[in-house]
S.K.: 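Structure in structure tokens, see below.
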Amino acid sequence: MIFAEEQTVNGADVAKDTAHASIEALLEAERAKDLLRFSTAGSVDDGKSTLIGRLLYDSRNVYEDHVRAVTRDAAIDFAQLTDGLRAEREQGITIDVAYRYFSTAKRKFIIADTPGHEQYTRNMATGASTADVAIVLVDARKGILDQTRRHACIASLLGIPIVIAAINKMDLVEFSEEVFERHRQALLELAHRLEIPELIAVPVSALDGDNIVHRSERTPWYSGPSLLELLETVPLAIERSSAGLRFPVQRVVRPHQDFRGFAGQIAAGTVRPGDEVVALPSGRRTRVRSITTWEGELELAHAPQSVVLTLEDEVDVSRGEMIASVTDAPHRTRHFEATVVWMHGTPLQPGMTYMLKHTSQTVRARVVEIRSRIHVDHLEHRPAEQLGLNDIGQLVIETSLPLLADVYRESRATGSFILIDPTDNTTAGAGMIRSIADTEEGATPINRATRGLIAVGNRQELAAELEKSLLQAGALVLRTRVPVSASLVTIARIGAVVLVESDASDPVTLTRVDVANAQPRELAFDHPDEILNELQSLGALPTGDDENDNGLGI
Amino acid sequence: MTAQNRLNHIQLLEAESIHILREVASEFQKPVMLYSIGKDSSVMLRLAQKAFHPGPIPFPLLHVDTGYKFHEMLEFRDRLTSELGVKLIVWRNEEALAQGANPVKLGTQRCCGLLKTQALLDGLRAHGFDAAFGGARRDEEKSRAKERIYSFRDSAGQWDPKNQRPELWNLFNSRIGPGESIRVFPLSNWTELDIWHYIHLENIPIVPLYLAKERRMLVRGDSLIPVEQSFVQGLPGEEQWVKCRLRSLGCSPCTGAIRSDADTVPKIIEELMGMRNSERANRVIDHDQDGSMELKKREGYF
């Protein structure tokens, strides 16, 4: 591979005794590189393949045998460097997503090269789904076209945080600053409308190489970085995620009686041994005992590492379930609104059912409603009866089992899903959760308030377990060390469970608050499950079947 | 996220590959790992050890033996698999071999068709495997640049480049019909350099043929042809001692060596960084005709 000069180590030129050290330095530099994924989209004429070919060639990432294969009459056909399949060579267009790999002294790159042709919206969405950055090509002679809006819209829907607009063919507009500035302003407006967090415009000529790798002398009015310089410095998308721990369990690892671990890839957040976590959907809380890997146990792991977690308690978690942070758990939902890119020849219609794969879980899903169809060329929402191939729409979806999910803009990995056609097994649609309507046992689950006053004496652990279980069941809980008083009874009466701790080793007592002047009743047991049963037998625990309850117990 | 817990590219690729290995092992009835003994297979095998640690690898390895692999490869294969205690299945197209199939007699294209593609399809069918891991990478060859990570194959094992399932995020569609199967490429996003770097970092055992030493070769123009099979005959003076190594391992009659002094993995990496030709440039079979890899893949080759 041809590399940047400063990196090339020519064995013949390097003295023998420094050769070893230089290999080590080379490996060290190589090891420090991270990996940026970007997507490119463009149509037949706007020079996208030429741009990629130029990027690879000028950054010395092209093999000589490949260059020889596409050189005709001493001129390199840069577009041919990146074109692949026989079918597309016959048609003269790129028909699918092609992945390219290159690296510089600073970074490794994966390009998802996708066609801009209309019937291939699905490919653009595919390429964009894993991208940190999208490069949108704009022909300097034409400015923003329908396809520019389409590319920017899909980049926005798929949550790409940074869009780079390469204003191409500047050589054909005499490198006019005025032309560039006009397009740049229009693009910034577009980005604002699409809620794209960041749009950066660069004036380039892919054919001649201006501002692709090296800054051009023909754009003296432009003081910004070249396209490659930008790519080398922008942050990765995952560095922007702020969600708490999301660990979808892929499989249970149980090689022998003494080891029971949960294998998965961290979808968001970080984890350390000792962290308190919740197993979902069961709601059981426990702590992380260890982060096990082939290399040994880790003190810290974070997205997107693949690890095995073991837990302090015997908690049953299977494939499709999730281990999550306690303070910032995902929604548990069967009903949500999503943006779906439709990729199947048979249109999607309300009432149809599909298989839905979300993290490591596959469930049945029904389309409740099509809210609108998004016209990506004009960025308008219009009503629609159905979604055809390459349509994008806003849907309401209901699933047979709850998903443990987040909205897509907060967490890509737990906010995305695919729809699979149950008859031909093809991937029919790709979805991004926009809003979550109901959260089962989550934010607003209190259908019937739990009431009562439980004195636990100095049984601190019991109090903690009761508090957790009750909170998970959707009750309001007040845990206090203030001695029992009329005001605590009043709080309980409004619809809460009051847990009263003290320093004394008194027996556990339960005071009903739904009858007047009830006296504390001593419980013959102190296991949390039995106490919860007792509360339930009083009709106090939420059952979820009383829809008329105002949630306050009064 | 802070700088201290930023993952480097190797860690990112490793995490992605392990995710894929676990996903397939969990969603398919009978997966198998195609083990070709080469550097990519060696990395894939290590990733499988990691993915299921501390448990065992939950699927067997399948080696499609054309009968013309280097003997050093077979020795390495048998030693490594017995050391690791993994189950190894070896499959050969005995019928074609009995009829004397070889690349000189049949031409490379027909020979590959019988001894590789046909043997692979027969081996997969005979055992009823519904998912087969392969070590192919997208940076190897143009048609592979468009390959999916889960590559769907019809009941005849064939690939249709125009009708591939879209693949978004890391959500893989594992639903297949009776008789259908998938090929899975956990190393899709690795480059040749990443593979060598990982071999170096992880100290992964490799076949010594990758390392330079003096070997007996037929020197024909720029080509160095290994002398292992009796039907590979040199002209007078062609057979010489040359310090060389193999950049990719295939069948001995069809895999050329390159002149090299790289006798350690770091030296190979150093050599690669200054390399001017792609790694498959020395494979006779890919150059049979324009787009020949794509044709082979359509027929069922990896």
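Numbers restart at 1 for each chain; the letters A, B, ... are given by sequence-line order, proteins then strands.
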S.K.: Counting only non-hydrogen atoms closer than 4.5 Å, does A/Val341 touch chain B with its backbone (N, CA, C, O), its side chain (CB onward), both, or neither?
M.R.: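 Answer is neither: A/Val341 stays 4.5 Å or more from chain B.
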S.K.: Sort out for me which of A/Glu295, A/Arg107, A/Arg412 touches chain B most, counting heavy-atom pairs under 4.5 Å.
M.R.: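 Heavy-atom pairs under 4.5 Å are most numerous for A/Glu295.
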S.K.: For A/Lys108, is it the side chain, the backbone, both or neither that has a heavy atom under 4.5 Å from a heavy atom of chain B?
M.R.: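 The answer is the side chain of A/Lys108.
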S.K.: So what's closer than 4.5 Å to chain B heavy atoms on A/Leu158: side chain, backbone, both or neither?
M.R.: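 Interface part for A/Leu158: side chain.
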S.K.: Relative to chain A, which of B/His19, B/Glu27, B/Gln11, B/Arg165 shows the most heavy atom pairs under 4.5 Å?
M.R.: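 Most heavy-atom pairs within the cutoff with chain A belong to B/His19.
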S.K.: Where does B/Glu14 contact chain A at under 4.5 Å (heavy atoms): side chain, backbone, both or neither?
M.R.: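 Side chain of B/Glu14 only, per the 4.5 Å heavy-atom cut-off to chain A.
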S.K.: If you count heavy-atom pairs within less than 4.5 Å of chain B, which of A/Met343, A/Arg251, A/Gln305, A/His256 leads?
M.R.: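 Counting heavy-atom pairs under 4.5 Å, the top option is A/Arg251.
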S.K.: What residue, out of B/Leu201, B/Asn170, B/Thr264, has the most heavy-atom pairs lying under 4.5 Å from chain A?
M.R.: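 Top count of heavy-atom pairs under 4.5 Å with chain A: B/Leu201.
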S.K.: Set out, in order, the CA-CA distance, both residues' side-chain angles and the distance that settles side chain to side chain contact (heavy atoms under 4.5 Å, CB included) for B/Arg138 and B/Ile149, then state yes or no.
M.R.: CA-CA 9 Å; B/Arg138 286 176 179 149; B/Ile149 288 172; 3.6 Å; yes
S.K.: Chain A heavy atoms under 4.5 Å from B/Ser188: which part of the residue, side chain, backbone, both or neither?
M.R.: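 The backbone, not the side chain.
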S.K.: Check each atom of A/Arg31 against the heavy atoms of chain B and say whether the ones under 4.5 Å are side chain, backbone, both or neither.
M.R.: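 Both backbone and side chain.
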S.K.: Decide whether B/Arg153 and B/Ser151 meet the rule of one side-chain donor and one side-chain acceptor closer than 3.5 Å.
M.R.: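 Yes.
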S.K.: Considering only heavy atoms from C-beta outward, does the side chain of B/Phe172 approach that of B/Glu167 to under 4.5 Å?
M.R.: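 Side-chain contact under 4.5 Å: yes.
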S.K.: Measure the OG1-CG distance between B/Thr255 and B/Leu246 for me, rounded to the nearest 0.5 Å.
M.R.: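 If we round to the nearest 0.5 Å, B/Thr255:OG1 and B/Leu246:CG are 6.5 Å apart.
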S.K.: For A/Asp132 and A/Ala237, indicate whether the former's side chain and the latter's backbone hold a donor-acceptor pair under 3.5 Å.
M.R.: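 Here the side-chain-to-backbone pair exists.
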S.K.: Is it the side chain or the backbone of B/Gln49 that comes within 4.5 Å of chain A heavy atoms, both, or neither?
M.R.: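 Contact with chain A involves both backbone and side-chain atoms of B/Gln49.
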S.K.: Of all residues at least two apart in sequence or in a different chain, which pass the side chain to side chain contact (heavy atoms under 4.5 Å, CB included) check with B/Asp130?
M.R.: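 Per chain and number, B/Asp130 pairs via side chain to side chain contact (heavy atoms under 4.5 Å, CB included) with B/Phe28, B/Gln29, B/Lys30, B/Ile176.
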S.K.: Looking at NE2 of B/His9 and CG of A/Asp34, how far apart are the two atoms once the value is rounded to the nearest 0.5 Å?
M.R.: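 Rounded to the nearest 0.5 Å, the NE2-CG separation comes out at 9.5 Å.
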S.K.: For chain B, find which of A/Pro255, A/Ser306, A/Ala413 contributes the most heavy-atom pairs closer than 4.5 angstrom.
M.R.: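 Answer, by heavy-atom pair count under 4.5 Å with chain B: A/Ser306.
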S.K.: Would you say B/Arg22 and A/Gln265 make side-chain contact, with heavy atoms under 4.5 Å?
M.R.: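 Side chain of B/Arg22 against side chain of A/Gln265, heavy atoms only: no contact under 4.5 Å found.
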S.K.: Take A/Asn390 and A/Arg122 through the side-chain hydrogen bond (donor to acceptor under 3.5 Å, both in side chains) test and state the conclusion after the steps.
M.R.: CA-CA 6 Å; A/Asn390 289 309; A/Arg122 71 170 209 178; over 6 Å; no
S.K.: So, are B/Glu147 and B/Arg183 salt-bridged, with charged N and O less than 4.0 Å apart?
M.R.: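 Not counted as a salt bridge, because no side-chain N and carboxylate O are separated by less than 4.0 Å.
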S.K.: Which heavy atom of B/Asn8 sits nearest to which heavy atom of B/Ile10, and what is that distance?
M.R.: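 It is OD1-N, 3.0 Å.
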S.K.: Quick check on A/Arg37 against chain B: is it the side chain, the backbone, both or neither that has a heavy atom closer than 4.5 Å?
M.R.: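 Interface part for A/Arg37: side chain.
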S.K.: With a 4.5 Å cut-off on heavy-atom pairs, point out which of A/Ala32, A/Gly264, A/Ser129 contacts chain B the most.
M.R.: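 Answer, by heavy-atom pair count under 4.5 Å with chain B: A/Ser129.
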S.K.: Would you call the rings of B/His200 and B/His197 parallel, tilted or perpendicular, taking 30° and 60° as the class edges?
M.R.: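 The rings of B/His200 and B/His197 lie parallel, inter-plane angle below 30°.
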S.K.: With a 4.5 Å cut-off on heavy-atom pairs, point out which of B/Asn189, B/Leu12, B/Ile18, B/Leu13 contacts chain A the most.
M.R.: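 Ranked by contacts with chain A, first place is B/Asn189.
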S.K.: Given that the side chain runs from C-beta out, which part of A/Ile110 has a heavy atom under 4.5 Å from chain B: side chain, backbone, both or neither?
M.R.: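 The answer is the side chain of A/Ile110.
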S.K.: Check whether A/Tyr99 gets within reach of chain B through its side chain, its backbone, both or neither, counting any heavy atom under 4.5 Å.
M.R.: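 Both parts, backbone and side chain.
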S.K.: Go through the atoms of A/Thr126 and report whether side chain, backbone, both or neither lie under 4.5 Å from a heavy atom of chain B.
M.R.: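 Looking at A/Thr126, backbone and side chain both touch chain B.
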S.K.: Output the option from B/Pro54, B/Ala25, B/Gly177, B/Ala51 having the highest count of non-hydrogen pairs under 4.5 Å with chain A.
M.R.: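 When all of B/Pro54, B/Ala25, B/Gly177, B/Ala51 are compared, B/Pro54 has the most.
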S.K.: Given heavy-atom pairs under 4.5 angstrom as the criterion, report whether the side chain, backbone, both or neither of B/Asp261 touches chain A.
M.R.: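 Looking at B/Asp261, nothing touches chain A.
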S.K.: May I ask you to decide if the ring planes of A/Phe109 and A/Phe102 are parallel, tilted or perpendicular, using 30° and 60° as cut-offs?
M.R.: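 Parallel: the ring planes of A/Phe109 and A/Phe102 meet at under 30°.
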S.K.: Which bit of B/Glu23 comes within less than 4.5 Å of chain A, counting heavy atoms only: side chain, backbone, both or neither?
M.R.: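 When you check distances to chain A, atoms from both the backbone and side chain of B/Glu23 fall under 4.5 Å.
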S.K.: Residues in side chain to side chain contact (heavy atoms under 4.5 Å, CB included) with A/Lys106, at least two apart?
M.R.: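 For A/Lys106 the side chain to side chain contact (heavy atoms under 4.5 Å, CB included) partners, ignoring immediate neighbours, are A/Thr104, A/Glu232.
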S.K.: Under 4.5 Å from any heavy atom of chain B, what part of A/His358 do you find: side chain, backbone, both or neither?
M.R.: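 Just its backbone gets close to chain B.
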S.K.: Picking from B/Glu180, B/Lys267, B/Glu16, which has the most non-hydrogen pairs under 4.5 angstrom with chain A?
M.R.: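 The answer is B/Glu16.
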S.K.: Classify the ring geometry between B/Phe133 and B/Phe59 as parallel (under 30°), tilted (30 to 60°) or perpendicular (over 60°).
M.R.: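 B/Phe133 and B/Phe59: tilted rings.
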S.K.: Give, as side chain, backbone, both or neither, the part of A/Thr362 having an atom under 4.5 angstrom from any heavy atom of chain B.
M.R.: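 It is the side chain, since no backbone atom gets that close.
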S.K.: So which part of B/Leu171 gets closer than 4.5 Å to some heavy atom of chain A, the side chain, the backbone, both or neither?
M.R.: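 Both backbone and side chain of B/Leu171 come within 4.5 Å of chain A.
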